[in-house]
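Fair warning: this is a prediction, and the values are worked out from it, not measured in the lab. All values below were derived from every heavy atom in this structure, side-chain atoms included, with hydrogens, water molecules and symmetry-related copies excluded. Quick note on labels: first sequence line is chain A, next is B, and so on, each numbered from 1.
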2 protein chains.
Amino acid sequence: MEQNLREIFQIFSRRFGFLNKNCCQAGGHEISLVQSHILYEIDRQHHPSIQQVAETLGTDITTFSRQVQSLVKIGLVSKTPDPIDRRIFILSLTAEGKEVADNIDNQMNQFLECVFSNMSQDEKATVIHAIHLLNKNMEKTNKCCTTPLG
Amino acid sequence: MEQNLREIFQIFSRRFGFLNKNCCQAGGHEISLVQSHILYEIDRQHHPSIQQVAETLGTDITTFSRQVQSLVKIGLVSKTPDPIDRRIFILSLTAEGKEVADNIDNQMNQFLECVFSNMSQDEKATVIHAIHLLNKNMEKTNKCCTTPLG
DNA sequence: ATATTTACTTGCAAATTGCAAGTATTGCCG
DNA sequence: CGGCAATACTTGCAATTTGCAAGTAAATAT
């Protein structure tokens, strides 16, 4: 029963990473994996600042600043100065950016549905419940271990 | 019940990625995330060739060739020509490399145990079972969806 | 015996990264 | 109010990482 915990997570995480990579072209835009993550996160958060998204993704702020610039240049993201605090830029997806993000999301979900299609309803529910459990507990465990999570 | 499947996986995968990143210095060697993945995979496979590991990790072979060179240079990996087919180089961890890989692995598992420590035995078993299910089904689903997994 | 394939390596040139140092705006404290 | 620190973001490098093209060397096919 006490197997190597890391191994099963490592394999799963790698495969999920491949999936993310493969779905990058889904929007017809050939964006990079990093850009895909950024689109995803801007879509998910409610009018986030540059700082917020950079931190969420664990990216250096200067690197992130440039990534955003490139996404603005290709017309997928727009930067709006915060009306209250003008040091801050609010990020949002353009119509085109939203479309790309949605296409990627659909393709991801489609693949995942496909993975689940070989499972019973019970198994599927179990898996979803398990991931929720993991997420909840990983969040709680931020300061538990010697190495803090970023 | 029908929530966004991708989301929960995306969050989990990202967090697990952070964990991997944070454990890179565990061996006292300050290696990069990519190097950590390579050490892990060399350790896991049984005397793999350069080609094999590159493919497993989804890395371009030329990039991978250079990554291996750097790991050889810092003394964590050794390249041995295959006695039967001399085009092939067999990869293995040096004693030091094995130690680094083990340290990282221990730290990863330690953190994961910590995450599980807030769960009941039943919950833990459920999660482990769920990840196994996922891995099994993701493997089966290679050619299922329109976008093939790498 | 020659051609093709396979495994791996190098030459670039482009893209990505992060630290240091910058600007601009806001908040703080006397 | 005025000056000083803090915050949000941007640019200047310089180093690293990346991948395609083109190479070498060994094995396999014809």
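- The distance between atom CD1 of A/Ile84 and atom C1' of C/dA24, rounded to the nearest whole Å, is 18 Å.
- Residues of residues 30-48 of chain B that place a heavy atom closer than 4.0 Å to DNA chain C do not occur.
- With sequence neighbours left out, the side chain to side chain contact (heavy atoms under 4.5 Å, CB included) criterion links B/Gln69 to B/Ser65, B/Arg66.
- Among residues two or more places apart in sequence or in another chain, the salt bridge (Lys or Arg N to Asp or Glu O under 4.0 Å) test is passed with A/Asp82 by none.
- In this structure A/Phe64 satisfies the side chain to side chain contact (heavy atoms under 4.5 Å, CB included) test together with A/Ile38, A/Ile50, A/Val53, A/Ala54, A/Leu57, A/Thr59, A/Val68, A/Leu91, sequence neighbours excluded.
- Its side chain within the 4.5 Å cluster rule, A/Ile88 clusters with A/Ile90 among the Ile, Leu, Val, Met, Phe, Trp and Tyr residues.
- In this structure B/Asp60 satisfies the salt bridge (Lys or Arg N to Asp or Glu O under 4.0 Å) test with no other residue, sequence neighbours excluded.
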Could you go through nucleotides 5-7 of chain C and list every protein N or O atom that sits under 3.5 Å from one of its N or O atoms, giving the distance for each pair?
unit_1 : atom_1 : unit_2  : atom_2 : d
C/dT6  : O4'    : B/Arg87 : NH1    : 3.4
C/dT6  : O2     : B/Arg87 : NH1    : 3.0
C/dA7  : O3'    : B/Arg87 : O      : 3.4

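- Across the interface with DNA chain C, nearest-nucleotide mapping of B/Gln52 and A/Thr59 shows B/Gln52 to be the residue nearer the 5′ end.
- Within a heavy-atom distance below 4.0 Å of DNA chain C, the residues of residues 63-73 of chain B found are B/Ser65, B/Arg66, B/Gln69.
- Qualifying salt bridge (Lys or Arg N to Asp or Glu O under 4.0 Å) partners for B/Glu7, counting only residues two or more places apart in sequence or in other chains: A/Arg44.
- Residues satisfying the salt bridge (Lys or Arg N to Asp or Glu O under 4.0 Å) criterion with B/Lys79, sequence neighbours excluded, are absent altogether.
- Grouped by direct or indirect side-chain proximity (heavy atoms under 4.5 Å, Ile/Leu/Val/Met/Phe/Trp/Tyr only), A/Leu33 sits alone.
- A residue-by-residue look at A/Pro83 and A/Gly58 shows that A/Gly58 has its nearest nucleotide of DNA chain C further toward the 5' end.
- Annotation: side chain of B/Phe89 is not in contact with side chain of B/Thr80 (no heavy-atom distance under 4.5 Å).
- Using modelled atom types, no side-chain atom of B/Asp43 and backbone atom of B/Ala101 make a donor-acceptor pair closer than 3.5 Å.
- In summary, the side chains of B/Ser78 and B/Thr94 do not present any donor paired with an acceptor at a separation below 3.5 Å, with no hydrogens or angles considered.
- Residue-level contact check: A/Ile90 touches neither bases nor backbone, having no heavy atom under 4.0 Å from any strand.
- In terms of modelled atom types and a separation under 3.5 Å, the side chain of A/Asn109 and the main chain of B/Leu5 share a donor-acceptor contact.
- Ring-centre distance between A/Phe16 and B/Phe12: not below the 6.0 Å cut-off.
- When DNA chain D is scanned in the 5' to 3' direction for atoms under 4.0 Å from non-hydrogen atoms of chain B, the outermost contacting nucleotides are D/dT18 to D/dA27.
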